[in-house]
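The block underneath contains the structure these notes are about, expressed in structure tokens.
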Amino acid sequence: MAGASIAIAPGVAYYPGFLDRAAQEALREEIRAALAEAPLYQPRMPKTGKPFSVRMSNCGPLGWVSDETGYRYQPIHPDTGRPWPPIPKSLLAAWAKLAPGAAPPEACLINVYDSKARLGLHQDRGERELSAPIVSLSLGDPALFRIGGLTRDAPTRSFRLESGDALTFGGPARLVFHGVDRIVRGGSTLLPDGGRINLTLRRVTPAGA
Ligand code: SIN
Ligand code: FE2
């Protein structure tokens, strides 16, 4: 059981308040420890090299990175050359609840948004395994999250992702376009410096391959 969820669209489930305040604080500390080992880096757009406004890091055997040569999963941090730290147990437990039956996640992308950061509409399609959902958990200031359809020009809708909320998209929605329009500054007291942390758990390689 993963608590009450709201079906946003076929394959998209929204779990408001999935993590209570104590669980959010515990996760905040686990992410703080992971970032001490694998510091935030500045991803760059494929081809143009334009920096993202979101800073990123990862935990897990694989991490998502992007630079002039493209985006990809790799086992080491692009700046330090060291392996990513392990995915915290609490996130593995969240995955087990939110993605029952899926093979374990291999990557947890850590996105850190300051109050001006945003993330353009995109698909998560760098994973070779598409049968597992994307599992997203949010901490800190709310985000205006936008989600659309399987083509860039399909109609979109937006809603707020608050601290502690979980969202999954899988099955028919695994490749939906999504992005973050803006962060609601001062909308949460969880992170002392404000801003937002989003964690997305992903299965990357086919299970048993
Ligand atoms: C992402 O699509 O990588 C992150 C989405 C979010 O920050 O909610
Ligand atoms: Fe994404």
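Just so it is clear, the structure is predicted and the values come from calculations on it, not from any experiment. Numbering of ligands and ligand atoms starts at 1, following listing order.
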query = Do Ser163 and Gln24 meet the criterion of a side-chain donor-acceptor pair at a distance under 3.5 Å?
reply = yes
ask   = How far is atom 7 (O) of ligand 1 from its nearest protein heavy atom, and which residue and atom is that?
value = Tyr113 OH, 2.4 Å
Atoms of ligand 1, numbered as shown, that sit under 4.0 Å from any heavy atom of Val180 = 6 (C), 7 (O), 8 (O)
Test of proximity, His178 against ligand 1: N or O pairs below 3.5 Å = yes
task = Compare all side-chain heavy atoms of Gln42 with those of Arg55 and state whether any distance is below 4.5 angstrom.
result = yes
key: Worked check of side chain to side chain contact (heavy atoms under 4.5 Å, CB included) between Asn198 and Ser136   = CA-CA 7 Å; Asn198 176 262; Ser136 150; 3.0 Å; yes
inquiry  = With nothing but distance in play, are any N or O atoms of Asn111 less than 3.5 Å from an N or O of ligand 1?
reply    = yes
request  = Determine, step by step, whether Leu167 and Phe18 satisfy the side chain to side chain contact (heavy atoms under 4.5 Å, CB included) criterion, reporting the C-alpha distance in whole Å, the side-chain angles of both residues, the deciding distance to 0.1 Å, and the verdict.
outcome  = CA-CA 9 Å; Leu167 178 76; Phe18 178 75; over 6 Å; no
inquiry  = Looking only at side-chain N and O atoms, does Ser138 offer a donor or acceptor that is under 3.5 Å from a partner on Glu162?
reply    = no
remark   = Asn198 heavy atoms within 4.0 Å reach ligand 1 at atoms 4 (C), 5 (C), 6 (C), 7 (O), 8 (O)
query = Would you say the side chains of Tyr73 and Glu127 form a donor-acceptor pair under 3.5 Å?
reply = yes
request  = Identify whether NZ of Lys or CZ of Arg in Arg196 sits under 6.0 Å from the centre of the six-membered ring of Tyr113 and within 45° of that ring's axis.
outcome  = yes
query = Which class fits the ring pair Trp84 and Tyr41: parallel under 30°, tilted 30 to 60°, perpendicular over 60°?
reply = tilted
ask   = Hey, does Arg202 sit under 4.0 Å from ligand 1 if you only count heavy atoms?
value = yes
query = Numbering the atoms of ligand 1 from 1, which are under 4.0 Å from a heavy atom of Leu119?
reply = 1 (C), 2 (O), 3 (O), 4 (C)
query = Can a donor-acceptor pair be found between the side chains of Tyr15 and Asp165 at a distance below 3.5 Å?
reply = no
query = With distance as the sole test, does His122 use its side chain to make a donor-acceptor pair with the main-chain N or O of His178 at under 3.5 Å?
reply = yes
query = What's the shortest distance from atom 8 (O) of ligand 1 to any protein heavy atom, and which residue and atom give it?
reply = Arg196 NH2, 2.8 Å
Residue and atom names of protein N/O/S atoms that fall under 2.8 Å from the Fe ion (ligand 2) = His122 NE2, Asp124 OD1, His178 NE2
